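Read through the structure below, which is laid out as structure tokens, and then see the notes.
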Amino acid sequence: MPAAPTTDGPATDGPTTGGPTTGGPTTGFVVTGVEPAAAELAGSAAGAAERLLTRPPVGLGDVVPAPASVRPQPAANFALPADAAVRVSADPAARDVAEHLAELLRPATGLPLPVADLPTIPGTLMLTLAATAPRSAAAAVREWAAEEYRLDVDVDGVRITAGTAAGLFHGVQTLRQLLPAAVESRTTVAERWVVPGGTIVDRPHFPYRGAMLDVARHFFTVDDVCRVIDHLARYKLNHLHLHLTDDQGWRIAVDSWPRLATVGGRTEVGGGPGGWYTAADYRRIVGYAARRHVTVVPEVDLPGHTNAALVAYPELAPGKVAPPPYTGTEVGFSYVDPTDERTYDFVADVLGEVAALTPGPWLHIGGDEAYKVKGAAYTGFVERVQQIVAGLGRTVVGWHQIAPADQVDGRVLQWWGTDGDDPTVAEAVRRGARLILSPGNHAYLDMKYAPDTPLGHDWAGLIDVHRAYHWDPATHLTGVPAEAVLGVEAPLWTESVTSLAEIEFLLLPRLPALAEVAWSAPSTRSWAGFRERLAGHGPRWQAAGITFHPSPEIPWPHLRQRPHRRQPATSPPTSTTFRHIRPRADSNHVE
Ligand code: TNX
């Protein structure tokens with residue numbers, strides 16, 4: 001007779017590794033004094049019983065962003081055995097996702113997790129490239145069905161199926177969230193690695209889901225940027241927009257105009273040393289992102305926000321006089337001379353080199369707050385730059401100020417208004433433009449959470465987690481049909497942000513809120529459900545050493561006892577002095 005289980009198997013009381021399928025020393029059952037056949041029977045019965053008793057700490061639906069469909073099978077929980085292996089369809093991109101999964105799980109589990117191609121040996125974690133049947137006909141014709149995945153968990157293992165490596169990658173991120181929070185630890189942890197049983201079928205609601213990092217106002221290292229990419233990937237965001245140039249600094253080396261970086265890159269807000277990315281640095285960022293199925297969208301902001309370029313090349317400045325370097329936080333005063341042909345050589349050279357380094361389809365040309373280039377001078381400039389981008393075979397993206405310029409194939413406007421009524425943008429959409437929505441009062445990650453937030457701005461209002469979550473991209477702008485909305489992007493401007501900890505403090509927990517707005521169908525979204533699901537991510541971020549804002553809106557399991565206004569235990573952001581953004585007094589622009 002098997003003895004009774006020594007414990008009722010709460011997941012966190014379990015062994016370091018091993019589980020029912022290995023029958024290792026840590027199953028929690030003791031079998032004594034029985035014949036071999038009976039022992040075998042007893043052993044397998046004990047294994048079955050333990051599987052039934054194994055309670056995962058995470059529910060199958062506890063995923064952010066909310067999946068399209070979740071069918072739990074509580075009797076089918078899976079515990080990762082010591083000999084767990086990853087098996088994957090023989091395809092280089094899928095193989096890379098499998099390696100990524102193993103890399104994610106090895107540090108905390110301490111398991112070897114070898115990766116091999118299917119079908120040699122069935123593994124416990126299987127990644128299969130195949131149609132995610134059954135798939136609706138409607139989904140099949142939507143371009144974003146490409147990112148769909150299906151995840152099946154039963155007592156024998158986990159199977160992720162997708163039509164593309166990107167779909168497999170999203171499935172891996174879901175699996176990561178279904179494991180105990182300790183999986184985020186970078187060192188080996190004593191834990192039972194149980195995954196809740198059942199099936200998830202999931203796909204994004206919008207194809208473009210992104211965040212922007214302003215590396216111009218303050219410079220951030222390649223490692224910092226890569227860490228931001230990790231945060232995006234975790235929440236199934238698939239675009240990183242890099243704001244590479246602004247008045248305070250030029251951050252990308254351009255061979256044909258070398259002083260842009262070597263002179264224009266040496267400044268930043270507040271007088272710090274600045275910096276820039278070499279081509280190799282930038283390639284590293286792009287490659288790191290690509291491996292996480294994130295596309296980099298480079299922005300060269302034109303014709304305004306160009307003081308750093310003018311310092312480096314006075315020939316681009318109106319009057320050909322170099323302005324002094326600028327390290328303040330005002331906007332709208334600088335511009336490249338739209339009447340000089342040399343300016344268009346500059347634009348073509350810079351965009352050509354940036355395009356050559358960038359595998360993705362998008363080139364962002366800025367276009368915001370060019371207060372001193374007005375009317376036809378402005379639209380004429382934008383139209384020429386749009387043609388340069390088209391000539392490079394890329395799709396142009398610009399801040400919504402470029403709306404009055406002529407339509408060019410595929411053009412995308414990034415809308416950052418705070419009022420959902422914008423007739424000029426609605427008209428550009430009628431002429432064929434598509435939109436990325438970054439409403440300043442919902443998606444701007446540089447806004448403060450609350451009046452006492454130690455960094456950030458408030459010109460677009462305060463954005464707590466609820467405000468970041470509570471809006472619908474499909475209906476947000478009057479006169480813009482849902483089909484014109486490509487997706488959502490959360491910009492992080494960095495006038496007040498000087499370190500990775502500060503970036504993370506502003507990103508988390510609002511980035512997952514915006515990720516859910518972009519990924520999850522409205523029918524699967526609810527604030528009540530979201531705040532409960534998000535709560536489980538606090539321990540994950542803590543385990544990974546990630547800074548976040550412990551917003552009192554979220555019922556954090558391990559932070560509950562803390563007074564509301566305390567900062568996170570991990571690297572609290574320092575308070576920074578910040579002058580409110582406003583057009584310079586000498587700006588004569590009226591919007
Ligand atoms: C507006 S939004 C800007 C940026 C500032 C930001 C600060 C947009 C396209 N331009 O230049 O950094 O406000 O929140």
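Treat the numbers as computed from the prediction; the structure is a model and nothing was measured. For ligands, and for the atoms within them, numbers begin at 1 and follow the listed sequence.
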Quiz item: Would the F333 and Y326 ring centres measure less than 6.0 Å apart?
Solution: yes
Quiz item: Should you measure from each heavy atom of Y444, which atoms of ligand 1 turn up under 4.0 Å away?
Solution: 2 (S), 8 (C)
Quiz prompt | Sequence-distant partners of Y277, ring-ring contact (aromatic ring centres under 6.0 Å, His included), two or more places apart | solution = F219
Quiz prompt | Aromatic centroids of Y235 and H537 separated by under 6.0 Å | solution = yes
Quiz item: Counting both backbone and side chain atoms, is some N or O of W416 under 3.5 Å from an N or O of ligand 1?
Solution: no
Self-check item: Member of R510, K236, R533 meeting the salt bridge (charged side-chain N to carboxylate O under 4.0 Å, His left out) criterion with E516
Solution: R533
Quiz item: Polar-atom distance check: D246 versus ligand 1, any N or O pair below 3.5 Å?
Solution: no
Quiz item: Got an N/O contact under 3.5 Å between R217 and ligand 1?
Solution: yes
Quiz item: With atoms numbered from 1 as shown, which atoms in ligand 1 lie under 4.0 angstrom from a non-hydrogen atom of D446?
Solution: 7 (C), 14 (O)
Practice problem: Identify, by atom number and element, the atoms of ligand 1 in contact range of H305, meaning under 4.0 Å from any of its heavy atoms. | Solution: 11 (O)
Practice problem: Report, in ascending order of atom number, the atoms of ligand 1 lying under 4.0 Å from any heavy atom of E495. | Solution: 5 (C), 7 (C), 12 (O)
Practice problem: Is it possible for you to check whether R525 lies under 6.0 Å from the centre of the six-membered ring of Y469, through NZ or CZ, and within 45° of that ring's axis? | Solution: yes
Quiz item: Going by distance alone, is a donor N or O of one side chain under 3.5 Å from an acceptor N or O of the other, for S256 and E353?
Solution: yes
Exercise. Go through ligand 1 atom by atom and flag the ones less than 4.0 Å from a non-hydrogen atom of W459.
Key: 7 (C), 13 (O), 14 (O)
Quiz item: Of all the atoms in ligand 1, which lie at a distance below 4.0 Å from a heavy atom belonging to H457?
Solution: 7 (C), 14 (O)
Exercise. Please work out which of the three classes, parallel, tilted or perpendicular, describes the rings of W399 and W493, given edges at 30° and 60°.
Key: tilted
